[in-house]
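For clarity, every value in this text was computed on a predicted model and none was experimentally measured. In what follows, chains carry the letters A, B, and so on, assigned in the order in which the sequence lines appear, proteins first and then strands, with residues in each chain numbered from 1.
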Protein chains: 2
Amino acid sequence: MSCLIFGLYANLGFIFGQNSKRIYTTLSNAYPMQEITGLELSPKKVEYLKFLFKKGDLVRTTDISSQLGVDPSTSTKTIGDLAESGYVEHIPYRGVRLTEIGQQYAEFMVNRHNILSLMLSHYGLSSEEACEEASRFEAFVSKSAVDSICKSMGHPTMSVCGKIKHVSCGIP
Amino acid sequence: MSCLIFGLYANLGFIFGQNSKRIYTTLSNAYPMQEITGLELSPKKVEYLKFLFKKGDLVRTTDISSQLGVDPSTSTKTIGDLAESGYVEHIPYRGVRLTEIGQQYAEFMVNRHNILSLMLSHYGLSSEEACEEASRFEAFVSKSAVDSICKSMGHPTMSVCGKIKHVSCGIP
DNA sequence: CAAATAGTTTGGAATCTATACAAACAATGA
DNA sequence: TCATTGTTTGTATAGATTCCAAACTATTTG
């Protein structure tokens, strides 16, 4: 049921600001993914996280800015926000990488995108349309809804725009 | 194909601001609904339009503010925006009503909501969950996607949160 | 009919998000 | 080491949404 990634979630109460209420003090306990609504980040920030996830390891702010079509100063600022929220670590003049939490969160972002795209493709949208459409609204679709959809589709492992992982289900 | 309401669309190029390119000069010609992307309004403004549509005729700004949980001054301001964009007519100290275009647009907003809710309910979400979820992201789902989904579902006339109309299909 | 009351709008201000430009700064390679 | 390239900081703008307090209008009541 609570299926997509996020087997563990920790130590980030303070990070999600107004969106979360509790503070967790350990990093290794398995918390139910209820702790994440999936609505913590703005569409733009979701884009950043998905890009970082796909790019992997240390990513230059300039790569981000050119990819997302914004000024380098803009990406630096936004990365600053994400760092403040604990999703990324920023080494000035060197690059950005996802924190452990950021990695998990980003994986959910990517899975959500893929699941929603796959869903839309079942309604006659082309892969490109489905992907584009999902990108527009995915930031506003809750984790719980995504879980329902995923389950209902039989936990697919492939979407029109990439693989889907089901970490806590044991399905790669 | 191009199915939900909006058999005609007119005279509002200037109104949709940066989102539309052309200006139409007649009000009674039938334009394909391509003219509307469905992405013209923010989620909040979509809420306003849906509420006005359901309430019908002249609605007091205070009704809106209490319904949407904002200060009366806020609803007055937002209604001002919608009036400027041509969706509503505001008679100060009296009330607000949808313009002809606003009426058509609002009907699309309601249909979109209902179609998306129905879709979600097919994935195991309860009526309430589906409705709530749809409300969160519907403003970012394009008319063309909604049309595909609607068609793919066989142009249903009933959703989990209300009737669905298919004006240009001749289905009530 | 005029005044009190209830309802509505305006003006001002704050916040949040996203953005770019220019200037300062850091890293790297010649 | 210094010039070039890449990155960050500081400043500023814009749009969306919000509320508060003050001004205003309409309606009810005496």
Does any non-hydrogen side-chain atom of A:Ser159 lie less than 4.5 Å from one of A:Ile164?
-> yes
Are the side chains of A:Met158 and A:Asn114 in touch, meaning some heavy atoms are under 4.5 Å apart?
-> no
Students often get this wrong, so: under 4.0 angstrom with heavy atoms, is [X] touching a base, only sugar-phosphate, or nothing?
| X | value |
| --- | --- |
| B:Thr74 | base |
| B:Ser73 | base |
| B:Pro92 | sugar-phosphate |
| B:Lys77 | base |

Nearest whole Å is fine: how far is [N] [atom2] from [X] [atom1]?
| X | N | atom1 | atom2 | answer |
| --- | --- | --- | --- | --- |
| A:Glu40 | C:dT17 | CD | C1' | 17 Å |
| A:Asp81 | C:dT17 | CG | P | 7 Å |
| A:Asp63 | D:dT8 | CG | P | 11 Å |
| A:Ile79 | C:dA18 | CD1 | C1' | 14 Å |
| A:Ile64 | D:dT8 | CD1 | C1' | 13 Å |
| B:Tyr93 | C:dT10 | OH | C1' | 8 Å |
| A:Arg94 | D:dG6 | CZ | C1' | 12 Å |
| A:Leu39 | C:dT17 | CG | P | 14 Å |

Below 4.0 angstrom from OP1 or OP2 of C:dT17, is there any side-chain N or O of A:Lys45?
-> no
Phosphate-side-chain proximity, A:Ser42 and C:dA18, N/O vs OP1/OP2 below 4.0 Å = yes
Relative to the ring of A:His155, is the ring of A:His166 parallel (under 30°), tilted (30 to 60°) or perpendicular (over 60°)?
-> perpendicular
Roughly how far, to the nearest 0.5 Å, is the NZ atom of A:Lys45 from the CD atom of A:Glu40?
-> 12.5 Å
Comparing A:Asp71 with B:Arg60, nearest DNA chain C nucleotide closer to 5' gives the residue B:Arg60
Verify, without hydrogens or angle tests, whether B:Thr99 (side chain) and B:Gly86 (backbone) share a donor-acceptor contact under 3.5 angstrom.
-> yes
